[in-house]
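Predicted model, so just to flag it, every value in this text is computed and none were measured. Residue numbering restarts at 1 for every chain, and letters A, B, ... go by the order of the sequence lines. Side chains are part of it too, since the values below use all heavy atoms of this structure and drop only hydrogens, waters and symmetry mates.
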Number of protein chains: 2
Amino acid sequence: MLRLSKQTDYATVLLSHMASAPQRVCNVSELAQATHVSAPMASKTLKVLAREGLIESERGASGGYRLSRDPSQISIADIVRAIEGPIALTQCSSHEGCSLQSHCQIRPHWQVINSTIINSLKQLSLAELQGPASHLGL
Amino acid sequence: MLRLSKQTDYATVLLSHMASAPQRVCNVSELAQATHVSAPMASKTLKVLAREGLIESERGASGGYRLSRDPSQISIADIVRAIEGPIALTQCSSHEGCSLQSHCQIRPHWQVINSTIINSLKQLSLAELQGPASHLGL
DNA sequence: CTAAATAGGACCAAATGGGTACGATATGCT
DNA sequence: AGCATATCGTACCCATTTGGTCCTATTTAG
Ligand code: FES
Ligand code: FES
C-alpha cells in the first residue's frame, strides 16, 4: 500500500519527543507516557534506533536513551532507513535484482524516482518537526 | 520496507510497453512475451488496470487491451494508485486515523511529506518512460 | 458452432508486520 | 553484597498482505 510501518511512525514520534529536550536521558516508560506509544513497542523501537546509532543508551538504574546527535542532523530518511532498512521502491532499485531486469527499459527511471523520494525525506530533520509544517514550498 | 509491490512493477512495465504503440490492441500473451512477465500475472494485473480505468479491454476473439488515454496523461502515481490504492505513507495521512493522533504533533508534517511524494510520482508519465531517464533536474 | 480472448473469482504458500514475553546483562543505591 | 531499575537480544505468535496459480463464466470473430 506504499505505507511505512507503524513502527517507523512510533520511532518518529519518540524521537520527536526526545528532540524537544536533547541531551536529556529518557527511559522507556517516560517516553511511552509522553507519546502514548505502548511501553513494549516503545522499548522494541528504541532498541532498534540504538542499534542503528540514532540514539545512545545508558544501561542500568537511572539509565535510558539520548539522541546521539543534534536534532538538525537526524532526518526522516535516517529514521526510515533505521527501522525499515534501505529505501528501495522496487526490487530493481536495490541490488537484489529484479526478475525483469535483463529486458527492462524502465529501471533507470525507477532509480530516479527512488532518489527523489529519498531526497524529500532527507529534507526534513527532527529539529524541523518541532516547528509548524511549512516545508518544501508547500 | 517502503517498497511498492511487484504487481505495481509489472503494471508499469506492461503499460510502458503498451505506450510504445498506443491505440494498438494487445492481448495478454503478446504482452507477457514482450515484457517477460508471466502470463497469469500479466492477466491478473491487466484486469485490475482495466477495472481502474487506465486501460480499456476488448473481449472475445482478437480482443485485448488498449490504453484508455494518451501515454502523457498516465502518471506513475496513477499506476500506483490503481494497484495499491490511495498513497498514504502513514495511517494518519489517510483518514483511517492513527492511534496516536489525539496527542501527536507531527501529523501535519506527515501530510506534507505525503504530498511531496505523490507529486514526484505525478511528475513522471508513461510517455516520459519511453525516453532516457533525465527528470526532475537529477 | 467453435476458437480465442477477457472477467471474476477462489485458492494457496510465503513473507511481512504488529505485538508480547522472557532471560541476560549492566548500573546505581543502600 | 544485594537489590531495584534499566536496557539488550531474541524468540515467539497471530493477523494481514503479497505473489502466484487455476478454474469457470462470458464475450466476440470467423
Ligand atoms: S528491472 Fe525491475 S521493473 Fe525493470
Ligand atoms: S497522528 Fe499518526 S503519527 Fe501522529
Kindly say whether, by distance alone, the side chain of [X] makes a donor-acceptor pair under 3.5 Å with the base of [N]?
X: B/Arg59; N: D/dT27; answer: no
X: B/Lys47; N: C/dG8; answer: yes
X: A/Lys6; N: C/dG17; answer: no

Ignoring backbone atoms, test whether [X] places a side-chain nitrogen or oxygen under 4.0 Å from the OP1 or OP2 oxygen of [N].
X: B/Ser43; N: C/dT6; value: no
X: A/Tyr10; N: C/dG17; value: no
X: B/Ser62; N: D/dT28; value: no
X: B/Ser5; N: D/dG19; value: yes
X: A/Ser29; N: D/dA6; value: no

Heavy atoms of other groups near A/Glu56 CD, more than 12 under 6.0 Å: yes

Listed nucleotide nearest any side-chain atom of [X], set [options]:
X: A/Val28; options: D/dG20, C/dT6, D/dT7; answer: D/dT7
X: B/Ala50; options: C/dA7, C/dG19, C/dG28; answer: C/dA7
X: B/Gln7; options: C/dA4, C/dT6, D/dG19; answer: D/dG19

Given atom CD of A/Glu56 and atom C1' of C/dA26, what is their separation to the nearest angstrom?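 Interatomic distance, CD of A/Glu56 to C1' of C/dA26: 16 Å.
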
Write down the distance between NZ (A/Lys44) and P (C/dG18), rounded to a whole number of angstrom.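 Taking atom P of C/dG18 as the reference, NZ of A/Lys44 is at 9 Å.
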
Grab the two heavy atoms, one from B/Ser75 and one from B/Lys122, that are nearest each other, plus how far apart they are.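 For B/Ser75 and B/Lys122, the tightest heavy-atom pair comes out as CB-O, 3.6 Å.
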
Is the shortest side-chain N to carboxylate O distance from A/Glu30 to A/Arg24 below 4.0 Å? yes

Would you mind telling me which residue lines up with the more 5' stretch of DNA chain C, A/Glu84 or B/Asn27, judged by nearest nucleotide?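 Comparing both residues, the 5'-ward one is B/Asn27.
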
B/Asn27 side chain to B/Gly63 main-chain N or O, any donor-acceptor pair under 3.5 Å? no

